[in-house]
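Below: the structure, in structure tokens.
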Amino acid sequence: DAGVTQSPTHLIKTRGQQVTLRCSPKSGHDTVSWYQQALGQGPQFIFQYYEEEERQRGNFPDRFSGHQFPNYSSELNVNALWLGDSALYLCASSVRRGHEQYFGPGTRLTVT
Amino acid sequence: AQSVTQLDSQVPVFEEAPVELRCNYSSSVSVYLFWYVQYPNQGLQLLLKYLSGSTLVKGINGFEAEFNKSQTSFHLRKPSVHISDTAEYFCAVSDLVSNTGKLIFGQGTTLQVKP
């Protein structure tokens, strides 16, 4: 049973560039949530996708956008990257927006 | 709105000693409570959860936590730690009212188990 997978593992970008991160949920899961974890901090909720729609959003600017595909996988896009966007981006999946979430290994984004 | 406070940023402890990691939360509505563990360069793994019922919750790897509604706390305990328990531990809440599963995390506690 495959767990949550994320790609790429690591990414280095320059300020002002755009980035796309990908997530495949655990088998049987239909909801994907994205979190940003800055160094030394707890994860912060970015947004959640269910039935291919953004259902809830945290306190993040519009530069952060996403998408969910019919196979439940999801993408996180960040435009006009800032140095402060450097973080570990975690994807979590659940069933029907449930509370029990399973996390992927994360994508480490470094903005220089 | 909810918030989570983990009262200790670092907890050093010797191997085979007991440990308690403290978590307090603030919420105007009922919440679900979770503890997650994060090993270096990895994602989060669910240790245990409190949804309802018995206030003493047992999880994986010998951890347990007790929900105290009056003190709004959910402290994590283990009677005897191993070197392999060295990791970052996060307490999290999600509220029952919105029922969306959105998690609010604390800042984390680093557990350092020494031989």
Side-chain angles (χ1 to χ4, degrees), chain A residues 2-10 21 23-26 29-51 53-60 66 87-110, chain B residues 1-10 21 23-25 27 29-53 57 59-60 67 74 76 87-110:
Chain A
V4 180
T5 59
Q6 293 186 243
S7 63
T9 305
H10 297 89
L21 311 181
C23 170
S24 291
K26 181 178 168 65
H29 287 193
D30 56 12
T31 304
V32 172
S33 300
W34 287 92
Y35 294 81
Q36 181 195 65
Q37 185 180 16
L39 199 60
Q41 305 292 318
Q44 289 199 317
F45 176 79
I46 302 174
F47 44 51
Q48 182 187 79
Y49 277 84
Y50 173 65
E51 293 185 331
E53 290 188 16
E54 183 183 295
R55 297 293 178 166
Q56 192 171 9
R57 189 178 185 91
N59 188 25
F60 280 80
L88 181 67
Y89 287 85
L90 295 163
C91 166
S93 72
S94 58
V95 178
R96 288 187 218 156
R97 309 181 72 193
H99 296 270
E100 187 162 343
Q101 299 186 29
Y102 291 79
F103 283 80
T107 294
R108 173 74 62 187
L109 172 65
T110 302
Chain B
Q2 295 83 42
S3 66
V4 177
T5 302
Q6 293 184 238
L7 298 165
D8 307 290
S9 59
Q10 294 189 19
L21 306 184
C23 172
N24 285 99
Y25 69 92
S27 177
V29 299
S30 295
V31 295
Y32 291 143
L33 295 149
F34 305 83
W35 275 99
Y36 284 86
V37 61
Q38 186 175 35
Y39 299 103
N41 300 314
Q42 293 188 28
L44 302 177
Q45 181 182 8
L46 180 64
L47 272 179
L48 48 77
K49 60 184 182 285
Y50 173 77
L51 305 182
S52 64
V57 179
I60 62 171
F67 170 53
F74 190 54
L76 181 70
E88 191 80 12
Y89 291 79
F90 292 97
C91 181
V93 303
S94 69
D95 78 75
L96 274 64
V97 174
S98 68
N99 205 31
T100 62
K102 169 186 171 182
L103 292 170
I104 306 295
F105 286 88
Q107 295 285 81
T109 297
T110 303

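Here is the naming used below: chain letters follow the sequence lines, and residue numbers restart at 1 for every chain. What you see is a predicted model, and the numbers here were worked out from it, not measured in a lab.
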Exercise for review: Identify the residues of residues 30-40 of chain A whose heavy atoms come closer than 4.5 Å to a heavy atom of chain B, ordered by number, or report 'none'.
Suggested key: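 Hits under 4.5 Å: A/Y35, A/Q37, A/G40.
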
Exercise for review: Check whether A/Q101 gets within reach of chain B through its side chain, its backbone, both or neither, counting any heavy atom under 4.5 Å.
Suggested key: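 For A/Q101, heavy atoms of backbone and side chain both lie under 4.5 Å from chain B.
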
Point to revise | Contact origin within A/Q48 toward chain B - heavy atom pairs under 4.5 Å | key: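 Side chain only.
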
Review point. Sequence neighbours excluded, which residues qualify as side-chain hydrogen bond (donor to acceptor under 3.5 Å, both in side chains) partners of B/Q6?
Key: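 For B/Q6, the residues satisfying side-chain hydrogen bond (donor to acceptor under 3.5 Å, both in side chains) (neighbours in sequence not counted) are B/T109.
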
Exercise for review: Kindly compute the distance separating CD1 (A/I46) from NZ (B/K102), expressed to the nearest 0.5 Å.
Suggested key: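 Taking CD1 in A/I46 and NZ in B/K102, the distance rounds to 12.0 Å.
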
Check your understanding: Is any side-chain heavy atom of A/H99 closer than 4.5 Å to a side-chain heavy atom of B/D95?
Key ->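 Result no, sub-4.5 Å side-chain heavy-atom pair not found.
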
Exercise for review: Sort B/L44 into side chain, backbone, both or neither according to what part of it lies under 4.5 angstrom from a heavy atom of chain A.
Suggested key: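 The answer is both parts of B/L44.
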
Check your understanding: Which pairs pass salt bridge (Lys or Arg N to Asp or Glu O under 4.0 Å) with one or both residues in residues 34-43 of chain B, sequence neighbours excluded?
Key ->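 For residues 34-43 of chain B: none.
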
Practice item. Answer yes or no: are there more than 12 heavy-atom neighbours, outside A/Q44 itself, under 6.0 Å from its atom CD? Key: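 No, the 6.0 Å shell around CD holds no more than 12 heavy atoms from other groups.
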
Exercise for review: Any side-chain hydrogen bond (donor to acceptor under 3.5 Å, both in side chains) involving residues 39-52 of chain B? Give me the pairs, sequence neighbours left out, ordered by first then second residue.
Suggested key: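 Pairs touching residues 39-52 of chain B that pass the test: A/E100-B/K49.
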
Exercise for review: Kindly state whether the ring of B/F105 and the ring of A/F45 have centres lying under 6.0 angstrom apart.
Suggested key: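 Ring centroids of B/F105 and A/F45 are no less than 6.0 Å from each other.
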
